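All values derive from a computational prediction rather than experimental measurement.
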Amino acid sequence: MRQVTLQCKPLDEENFAHFGRLVRNFALAVPKLEVGVVVRNQMRVVRNTKVEWVSAHYDGEQIIFPHEPVPTVFVVAPPSPLPTLESFRAFLSDGTIGVCLSVGVWHAMPIPVSCDHALYDNAQGSEWHNHTVEIHLPTELGGILIVELPRELIAKTACPLFNRQR
């Protein structure tokens, strides 16, 4: 099985323009939808630098934003009927910036860098289940993506949100 290694580029407007736009305030950001209504929720993600599954949504945009300021990698590929492993890119956010993925952009789950799991705010259409294509990279493309995380940011800790005293 092939392995394609992705090195992180900085998440900025110019680098990310082909995939969507940056989000600096989740509360004010609204994804554009083709069908359905906007649903806001949260998802907990475990750090995994081996990407085997990706998806693309055709009902509208999707916003993913770190709930706490956790450095995060976003893995994306431009819209196409079927991506190639070489079409994927990795972008590093400092944890204060999220993304709004354009319709049809292939993407993996966000990857928290400085903790072993993190919470993300999510906004997307209520009909996403009916308008999403998921692919298993080993089955469909014969390989996986390996994300090379910046070593200076990697820590073996849980996200600050989950370490707080209740």
Side-chain angles (χ1 to χ4, degrees), residues 4-34 36-51 53-80 83 86-126 128 132 134 145-164:
V4 172
T5 301
L6 301 178
Q7 296 185 349
C8 297
K9 295 182 179 184
L11 180 64
D12 61 33
E13 285 88 357
E14 184 178 344
N15 286 343
F16 200 73
H18 289 61
F19 310 101
R21 63 185 190 277
L22 304 188
V23 173
R24 288 182 167 73
N25 185 330
F26 180 76
L28 298 178
V30 180
K32 297 174 189 162
L33 302 179
E34 303 289 326
V37 296
V38 174
V39 174
R40 293 177 180 271
N41 55 30
Q42 294 180 324
M43 56 186 170
R44 185 185 309 191
V45 178
V46 174
R47 178 171 51 201
N48 184 1
T49 58
K50 294 179 182 179
V51 177
W53 288 93
V54 295
S55 61
H57 306 294
Y58 295 96
D59 63 318
E61 298 175 328
Q62 179 182 13
I63 296 172
I64 304 172
F65 194 90
H67 187 74
E68 296 269 324
V70 173
T72 298
V73 174
F74 296 100
V75 175
V76 295
S80 67
E86 292 75 20
S87 67
F88 282 90
R89 300 290 179 264
F91 295 97
L92 176 63
S93 166
D94 66 0
T96 65
I97 299 173
V99 296
C100 179
L101 303 170
S102 294
V103 173
V105 167
W106 293 98
H107 60 283
M109 295 296 281
I111 302 170
V113 178
S114 62
C115 53
D116 56 14
H117 59 89
L119 193 62
Y120 291 87
D121 294 320
N122 181 63
Q124 65 188 112
S126 58
W128 72 271
T132 296
E134 290 185 334
L145 303 171
I146 305 294
V147 179
E148 193 171 285
L149 299 178
R151 293 196 185 280
E152 66 276 10
L153 295 179
I154 298 172
K156 298 280 188 186
T157 61
C159 182
L161 178 70
F162 300 108
N163 285 338
R164 290 185 189 156

*Asks:* Show, in sequence, the C-alpha distance, side-chain angles and deciding distance for Glu68 and Leu119, and conclude whether the side chain to side chain contact (heavy atoms under 4.5 Å, CB included) test is met.
*Replies:* CA-CA 7 Å; Glu68 296 269 324; Leu119 193 62; over 6 Å; no
*Asks:* Distance-only, no hydrogens or angles: does the His117 side chain make a donor-acceptor pair with backbone N or O of Arg47 under 3.5 Å?
*Replies:* no
*Asks:* Suppose we screen for ring pair (Phe, Tyr, Trp, His ring centres under 6.0 Å). Which residues come up paired with Phe16, at least two apart in sequence or across chains?
*Replies:* Phe19, Phe91
*Asks:* For Glu34, what residues pass the salt bridge (charged side-chain N to carboxylate O under 4.0 Å, His left out) criterion, not counting sequence neighbours?
*Replies:* none
*Asks:* Quick one: side-chain hydrogen bond (donor to acceptor under 3.5 Å, both in side chains) partners of Ser93, sequence neighbours excluded?
*Replies:* none
*Asks:* Quick one: does Arg89's side chain have a donor or acceptor within less than 3.5 Å of a partner on Lys9's backbone?
*Replies:* no
*Asks:* Does Val4 reach the side chain of Glu86, with side-chain heavy atoms less than 4.5 Å apart?
*Replies:* yes
*Asks:* Is the shortest side-chain heavy-atom distance between Met43 and Ile64 below 4.5 Å?
*Replies:* yes
*Asks:* Looking only at non-hydrogen atoms, find the nearest pair between Val51 and Val147 and report the distance.
*Replies:* CG2-CG2, 4.1 Å
*Asks:* If I compare all heavy atoms of Asn48 with all of Ile111, which pair ends up nearest, and what's the gap?
*Replies:* O-CD1, 3.6 Å
*Asks:* I would like to know whether Gln62 and Asn122 meet side chain to side chain contact (heavy atoms under 4.5 Å, CB included); could you show each step before the answer?
*Replies:* CA-CA 7 Å; Gln62 179 182 13; Asn122 181 63; 2.7 Å; yes
*Asks:* List the steps and the verdict of side chain to side chain contact (heavy atoms under 4.5 Å, CB included) for Ser55 and His107.
*Replies:* CA-CA 6 Å; Ser55 61; His107 60 283; 3.5 Å; yes
*Asks:* Would you call Val38 and Pro31 a side-chain contact if the rule is heavy atoms closer than 4.5 Å?
*Replies:* yes
*Asks:* Are the side chains of Pro71 and Asp94 in touch, meaning some heavy atoms are under 4.5 Å apart?
*Replies:* no
*Asks:* Hey, is the main chain of Val39 close enough, under 3.5 Å, to the side chain of Ser126 for a donor-acceptor pair?
*Replies:* no
*Asks:* Would you indicate whether the side-chain heavy atoms of Leu33 and His57 approach each other to under 4.5 Å?
*Replies:* no
*Asks:* At their closest point, which heavy atom of Thr72 faces which heavy atom of Val70, and how far apart are they?
*Replies:* OG1-O, 2.7 Å
*Asks:* Just do the side chain to side chain contact (heavy atoms under 4.5 Å, CB included) check on Val54 and Phe88 with the steps written out, would you?
*Replies:* CA-CA 10 Å; Val54 295; Phe88 282 90; 3.8 Å; yes
*Asks:* Measuring from atom CH2 of Trp53 to atom CE of Met109, what distance do you get when rounded to the nearest 0.5 angstrom?
*Replies:* 13.5 Å
*Asks:* Mind checking what makes salt bridge (charged side-chain N to carboxylate O under 4.0 Å, His left out) contact with Glu13, not counting sequence neighbours?
*Replies:* Arg24
*Asks:* Specify the closest pair of heavy atoms between Pro110 and Val45, including all atoms of both residues, with the distance to one decimal.
*Replies:* O-CG1, 3.0 Å
*Asks:* Would you confirm whether Trp106, through its side chain, and Ser80, through its main-chain N or O, come within 3.5 Å as a donor-acceptor pair?
*Replies:* yes
*Asks:* Please enumerate all residues that pass side-chain hydrogen bond (donor to acceptor under 3.5 Å, both in side chains) together with Asp59, with sequence neighbours excluded.
*Replies:* none
*Asks:* How long is the span from the CG atom in Leu22 to the CZ atom in Phe65, to the nearest 0.5 Å?
*Replies:* 10.5 Å
*Asks:* What heavy-atom pair brings Pro66 and Ile97 nearest, and what distance separates the two atoms?
*Replies:* CD-O, 3.8 Å
*Asks:* Could you list the residues that satisfy side-chain hydrogen bond (donor to acceptor under 3.5 Å, both in side chains) with Arg21, not counting sequence neighbours?
*Replies:* Glu61
*Asks:* Check whether any side-chain heavy atom of Leu92 lies under 4.5 Å from a side-chain heavy atom of Leu11, and answer yes or no.
*Replies:* no
*Asks:* Using 30° and 60° as the class boundaries, would you call the ring planes of Tyr120 and Phe74 parallel, tilted or perpendicular?
*Replies:* perpendicular
